[in-house]
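To start, the structure under review is shown below, and the notes come after it.
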Amino acid sequence: MVILNTSSSLVDILRQRRQRLAQLIDFPAILWSGSSNPRNFAANVYPFRANSHFLYFAGLPLPNAAIRLEAGKLELFMDDPQPSSALWHGEMPKREEIAQMIGANAAKPIAELEFLVADAATIAVQDAATWTKQSQLLNRWILPQNPPQGIDLELAKAVVSLRLTHDEGALAELRKAAVVSVEAHKAGMAATPKAKREAEVRGAMEGVIIAHNMTTSYNSIVTVHGEVLHNEQYHHPLQPGDLILADVGAETEMGWAADITRTWPVSGKFSSTQRDIYDVVLAAHDACIAKISPGVEYGDIHLLAATVIAEGLVDLGILQGNAQDLVELDAHALFFPHGIGHLLGLDVHDMEDLGDLAGYEEGRKRSDRFGLGYLRLNRPLRPGMLVTIEPGFYQVPAILNDAKQSSKYHNVVNWERLSQFVDVRGIRIEDDVLVTTDGSEVLTAALPNKADAVEELIG
Ligand code: GLY
Ligand code: MN
Ligand code: MN
C-alpha cells in the first residue's frame, strides 16, 4: 500500500462526491478496491491497481478494502496489517488513521461487511478473487464481463453521471498526469538520436514517469510499426527512415490518467511523404479541437476527422472522389479505422469496465459500419468532460489487402500513388482536451505537435 500525504481538501472532495451520489440513489452501495494478482508465485505480485470506482469515492489505493456508501456517509472496511508484515513491508497506517485521511464516518474489520450487505448495490471488480467475494457476499453473480442489472445498473448509471464530468479535485490530478506525460514525450524525442531500439526510447519516456513516482496509465506503445494500433513490442531496431509512434501516458499516485501520442522521425527530419501525411492528420486533429464545445456531438467530431482525412488524401491523390461520398462509403476507415477518441479520467478509456454505459448516451448503440464501429464515445459534450482527440493514418496490411480485393474500395484508392507512401506505416497525434463552459482547453498543449516543432525536439 502506498502512504500518501492527504489533506483536508481531499476529505472535502470525497465528501462532496458521496453526497452527490446520495442525491442519485436511495440504497446503499458497496465498492471493493480489489486485490493484487500473483505473477508467478503468491508472494510475487503484479503492481496493485485499485478499482477506479472505489478510488473515486475512497481517494486512496488501499488493497483488500471496501467502502459502504449510504446517505452521504462512508464506512471503511479493511483489516490492519498483520504484525509480521512490518518486517517485509514496513509500518503501514492503521485502519483508524486511514479512515481519518479520507473522512470516513466509521472504520471496521473487513469481516463485518457481511452483516451489512442487505439491499446493497455494487460494481464488479476485475480481479477474480474480488468478484468471487462480491458474488458470494451479495448472493448473486457479479461478473466483470456481464452488464449490471437491477440496483447494480442503477448504481452504475449514477456513478457514470458523476464521473462523466470532472470536479476540481479530479482536474488537479489530471493536470499533473498531463504535465508529466508531456515531459516523458520530450524525453523520448531527445533520446531518439542515440537510441538503437524502440526499448531505449520507451525507457527514456517511462523513466520520467517513474521518477515522478507515477506509473503508466496503460501499456506504452513505442514503435516503428505504428500500423499495429496497440503494438506492445519494443525490440525493433530504429532505422533512419522510420517514424516512431509513441502513445504513452502517466497515471498519478491517486490513479488519474493522461494519454498522449506523438509521431516523430528517427532521423530528426520527416521525409516529404511522411510530412504530407503528418500534415493531413494534424489538420484533422486541429479541426476537431477547434470544434469542441458544450452541446457538440462527439460523433460529429469523429465524422469531421474522417472528412478532413478523406479531403487530405484526395488532395494527395491517394483517394479518388468527393470527400463526403468517401466518408459515407467508409473509405477513410481504410486508413483511419478507429474512433477519434474516448473519455479520460481514472481510466484511460474512462469507465470502459461498464461497456458503453459511460461512452454512449442512453438509447444509442454502436454502429456496425466499418468507419463507426470503433467509436468509443457518442454523446453530446458537456463542460468538465475530458476527452482525447487522436486521429491517425495507418497502412494496415490486413485492411488494405482486403480492400484491394473488394470491389467496394478497389476503385476509390489510387494504389500506385499509395505505393509512393511506403515509408508511412502509422501516424497518430493525440491530445487530452477538457470541455469548458465556452469551448475547450488542451491539457497537453505544452507538447508541440507541428512537424517543424517536433523535429526541433529530436536530439
Ligand atoms: N492509449 C490508448 C488509446 O489511445 O486509446
Ligand atoms: Mn487514447
Ligand atoms: Mn493513446
Side-chain angles (χ1 to χ4, degrees), residues 49 52 164 166 174 177-186 188-189 198 201-202 205-206 208-209 214-223 225-234 243-252 255-264 281-282 284-285 288-289 292 298-299 301-302 305 333 336-356 358-360 366 372-379 381 385-394 396 426-435 440 442-445 447 449 454:
R49 172 51 160 81
S52 295
L164 262 182
H166 296 299
L174 290 161
V179 166
V180 171
S181 305
V182 166
E183 287 315 307
H185 277 258
K186 286 184 178 168
M189 292 177 193
E198 295 158 336
V201 178
R202 175 194 180 201
M205 300 181 80
E206 293 194 5
V208 171
I209 293 172
M214 294 190 184
T215 178
T216 52
S217 53
Y218 50 93
N219 292 339
S220 301
I221 300 163
V222 183
T223 183
H225 284 285
E227 77 279 13
V228 180
L229 296 184
H230 280 176
N231 202 336
E232 291 179 14
Q233 297 184 332
Y234 314 101
L243 291 175
I244 296 184
L245 186 157
D247 184 343
V248 176
E251 177 177 306
T252 68
W256 297 86
D259 183 10
I260 304 181
T261 308
R262 288 291 183 270
T263 308
W264 63 84
V281 176
L282 186 62
H285 166 280
C288 290
I289 291 179
I292 289 190
Y298 192 79
I301 289 178
H302 175 78
F336 170 44
H338 58 72
I340 188 62
H342 48 85
L343 294 164
L344 182 63
L346 279 163
D347 308 299
V348 62
H349 292 174
D350 212 24
M351 297 177 274
E352 207 170 277
D353 62 317
L354 299 171
D356 283 336
Y360 274 59
R366 289 236 183 182
L372 294 176
Y374 290 116
L375 189 58
R376 296 189 135 89
L377 175 57
N378 187 349
R379 282 182 180 274
L381 296 173
M385 280 184 175
L386 182 63
V387 300
T388 66
I389 291 295
E390 49 180 305
F393 172 97
Y394 315 87
V396 183
I427 291 178
R428 178 161 67 254
I429 306 170
E430 176 176 27
D431 280 293
D432 302 345
V433 187
L434 177 68
V435 184
S440 72
V442 181
L443 299 193
T444 48
L447 185 64
N449 54 27
V454 167

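Whatever order the structure lists them in is the order used to number ligands and atoms, beginning at 1. Just so you know, these numbers use all the heavy atoms, side chains as well, and skip hydrogens, waters and symmetry mates.
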Less than 4.0 Å from some atom of ligand 1, heavy atoms are found in residues Y218, H230, D247, D259, H342, H349, E390, E430

* **Sidechain-backbone polar pair: R379 side chain, A358 backbone, donor-acceptor under 3.5 Å** => yes

task: For atom OH of Y218, decide whether the heavy atoms of other residues, nucleotides or ligands shown that lie under 6.0 angstrom number more than 12.
output: yes

Applying salt bridge (Lys or Arg N to Asp or Glu O under 4.0 Å) to D247 and not counting sequence neighbours gives R428

Whether the side chain of H302 engages the backbone of I340 through a donor-acceptor N/O pair (distance < 3.5 Å, no angle test) should be reported. yes

Between the main-chain N or O of D259 and the side-chain N or O of D432, is there a donor-acceptor pair closer than 3.5 Å? yes

Sorted by chain and residue number, the salt bridge (Lys or Arg N to Asp or Glu O under 4.0 Å) partners of E352 (sequence neighbours excluded) come out as R376

The Mn ion (ligand 2) -> H342, closest N, O or S atom is NE2

Worksheet item: For residues E251 and T215, is any side-chain donor paired with an opposing acceptor at under 3.5 Å?
Response: no

message: Would you call the rings of W264 and H185 parallel, tilted or perpendicular, taking 30° and 60° as the class edges?
response: perpendicular

Exercise. Which is it for S181 and T444 under the side-chain contact (heavy atoms from CB on, under 4.5 Å) test, yes or no, and what are the steps along the way?
Worked result: CA-CA 8 Å; S181 305; T444 48; 5.7 Å; no

Protein N/O/S atoms closer than 2.8 Å to the Mn ion (ligand 3), ordered by chain and number, come to D247 OD1, D247 OD2, D259 OD1, E430 OE1

Nearest heavy-atom approach of V281 to P391 is CG1-O, 3.4 Å

